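One structure below.
Position 1 is the first residue of the sequence; numbering continues from there. Everything quoted here is computed from the prediction, not taken from an experiment.
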Amino acid sequence: MMGNPELHDQKGLIPRSLEQIFQTSQALISQGWKYKMQASMLEIYNEAICDLLATNHTTIQDGGASKYSIKHDANGNTHVSDLIIVDVLSINEVSSLLKRAAQSRSVGRTQMNEESSRSHCVFTLRIFGVNEGTNQQVQGVLNLIDLAGSERLNKSGATGDRLKETQAINKSLSCLSDVIFSIAKKEEHVPFRNSKLTYLLQPCLGGGSKTLVFVNLSPEVSSTGESICSLRFAARVNSCEIGIPRRQTQVRSLAQG
């Protein structure tokens, strides 16, 4: 998802997507559009939220993550209390935020990966557009999520803190699967509240949103079992319909005194 933002050929999905958004916003200036964008970035580590843009990044052990709570308003917007939200004017500013966040993200070493992500990372870009010629306003939210990969304990050799992290990662991914399968079956109750990850992403997985899921496969023969499980999961996701995305627009009324 991230790749190496410093090298053009190695940039991941997140920096490439943001570059395209800023390029498009600049191209639309000639049509009368002006955009304001705000960014935030958090991680879900052991079922707790941490603000990756906080100047004084506190750890779970310090109790720094306990203050963040998730709320959804009547319009389907998600708010995380006390989360830092930054106005961004260019792709360079966003790149700086991504670099800062990467330095704060929880990583650790396992037998399968020298530097393994131990958390789910969520980058959120809020976009507000105004057309001065037509008085039209649009707004939207883009969530770009880097999920930690599921792990088998007999391969990762996780113990102690790594074991707790693995259990939390696998549980949240299992909860995500349960949510997607419930939506695919059109069940009345969807268990969004079973994990911080699914509750945070609730507006993304229903209503007027649109969701795209990438499933990564390992080319190693030793990972055949995991690859088959991933493909089965991908097939379920592909058959899931969450609704028709709606464009949020309105026309401003101007009053003259």
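One N or O on the side chain of Ser25 and one on the backbone of Phe22 form a donor-acceptor pair closer than 3.5 Å. With hydrogens and angles ignored, the 3.5 Å screen pairs no side-chain donor or acceptor of Ser174 with any backbone N or O of Asn170. Distance alone, capped at 3.5 Å, is enough to place a donor-acceptor pair between the Ser30 side chain and the Ala27 backbone. Between the side chain of Ser195 and the backbone N or O of Cys175 there is no donor-acceptor pair closer than 3.5 Å.
Cluster annotation: Leu13 and Met37 are assigned to the same hydrophobic cluster (Ile/Leu/Val/Met/Phe/Trp/Tyr, side-chain heavy-atom contacts under 4.5 Å, transitive). Both Trp33 and Ile21 belong to a single network of hydrophobic side chains, linked directly or stepwise wherever heavy atoms of I, L, V, M, F, W or Y lie under 4.5 Å apart. Leu125 and Leu89 fall into different hydrophobic clusters, where Ile, Leu, Val, Met, Phe, Trp and Tyr are joined by side-chain heavy atoms under 4.5 Å apart, directly or via other members. Both Met41 and Val86 are part of a single hydrophobic cluster, where members link through side-chain heavy atoms under 4.5 Å apart. Criterion: ILVMFWY side-chain heavy atoms under 4.5 Å apart, direct or through other members. Under it, Ile145 and Val213 are part of a common hydrophobic cluster.
Distance CD/Glu226 to OG1/Thr224: 8.5 Å, rounded to 0.5 Å. We find the CG-CG distance between Leu97 and Leu52 to be 11.0 Å, quoted to the nearest 0.5 Å. In this structure, CD in Glu43 is found 5.0 Å from SG in Cys50, a value given to the nearest 0.5 Å. Going from atom CD of Gln103 over to atom CG of Leu98 covers 11.5 Å, rounded to the nearest 0.5 Å. Rounding to the nearest 0.5 angstrom, the gap separating the CG atom in Asp178 from the CD atom in Glu187 is 9.5 Å. For the atom pair CD of Gln38 and CD1 of Ile127, the computed distance is 11.0 Å after rounding to the nearest 0.5 Å.
Taking 4.5 Å as the limit, some side-chain heavy atom of Ser177 sits within range of a side-chain heavy atom of Phe233. A 4.5 Å side-chain heavy-atom check between Tyr199 and Lys196 finds every atom pair outside the cut-off. In this structure the side chain of Arg232 never reaches within 4.5 angstrom of the side chain of Ser230, judged on heavy atoms. Contact of the Tyr35 side chain with the Leu28 side chain is registered, since non-hydrogen atoms from C-beta on lie closer than 4.5 Å. Side-chain contact between Phe123 and Leu18 is present, with heavy atoms from C-beta onward closer than 4.5 Å. Residues Ser209 and Pro203 are not in side-chain contact: their nearest non-hydrogen atoms beyond the backbone lie 4.5 Å or more apart. Side-chain contact check for Val179 versus Leu205: some heavy-atom pair is nearer than 4.5 Å. With a 4.5 Å cut-off on side-chain heavy atoms, Arg100 and Leu53 count as touching.
Every residue two or more places apart in sequence or in another chain that forms a salt bridge (Lys or Arg N to Asp or Glu O under 4.0 Å) with Lys11 is listed here: Glu19.
When only modelled atom types and interatomic distance are considered, Ser182 and His189 share no side-chain donor-acceptor pair under 3.5 Å. When only modelled atom types and interatomic distance are considered, His79 and Asp73 share a side-chain donor-acceptor pair under 3.5 Å.
The two atoms that bring Ala148 and Leu173 nearest to each other are O-CD1, 3.4 Å, heavy atoms only. Nearest approach of Gly133 to Asn131, heavy atoms of both residues: N-OD1, 2.9 Å. The minimum heavy-atom distance linking Asn46 with Glu165 is given by the pair OD1-CA, 3.3 Å. In terms of heavy atoms, Pro15 sits closest to Ile91 at O-CD1, 4.3 Å. Taking each heavy atom of Tyr68 and Ile49 in turn, the nearest pair found is CD1-O, 3.2 Å. Summarising the geometry of Met2 relative to Ile14, their closest heavy-atom pair is SD-CD1, 3.8 Å, with the distance given to 0.1 Å.
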Any chance you could lay out the side chain to side chain contact (heavy atoms under 4.5 Å, CB included) test for Ile85 and Ser40, step after step, and finish with the verdict? CA-CA 5 Å; Ile85 299 176; Ser40 62; 4.3 Å; yes

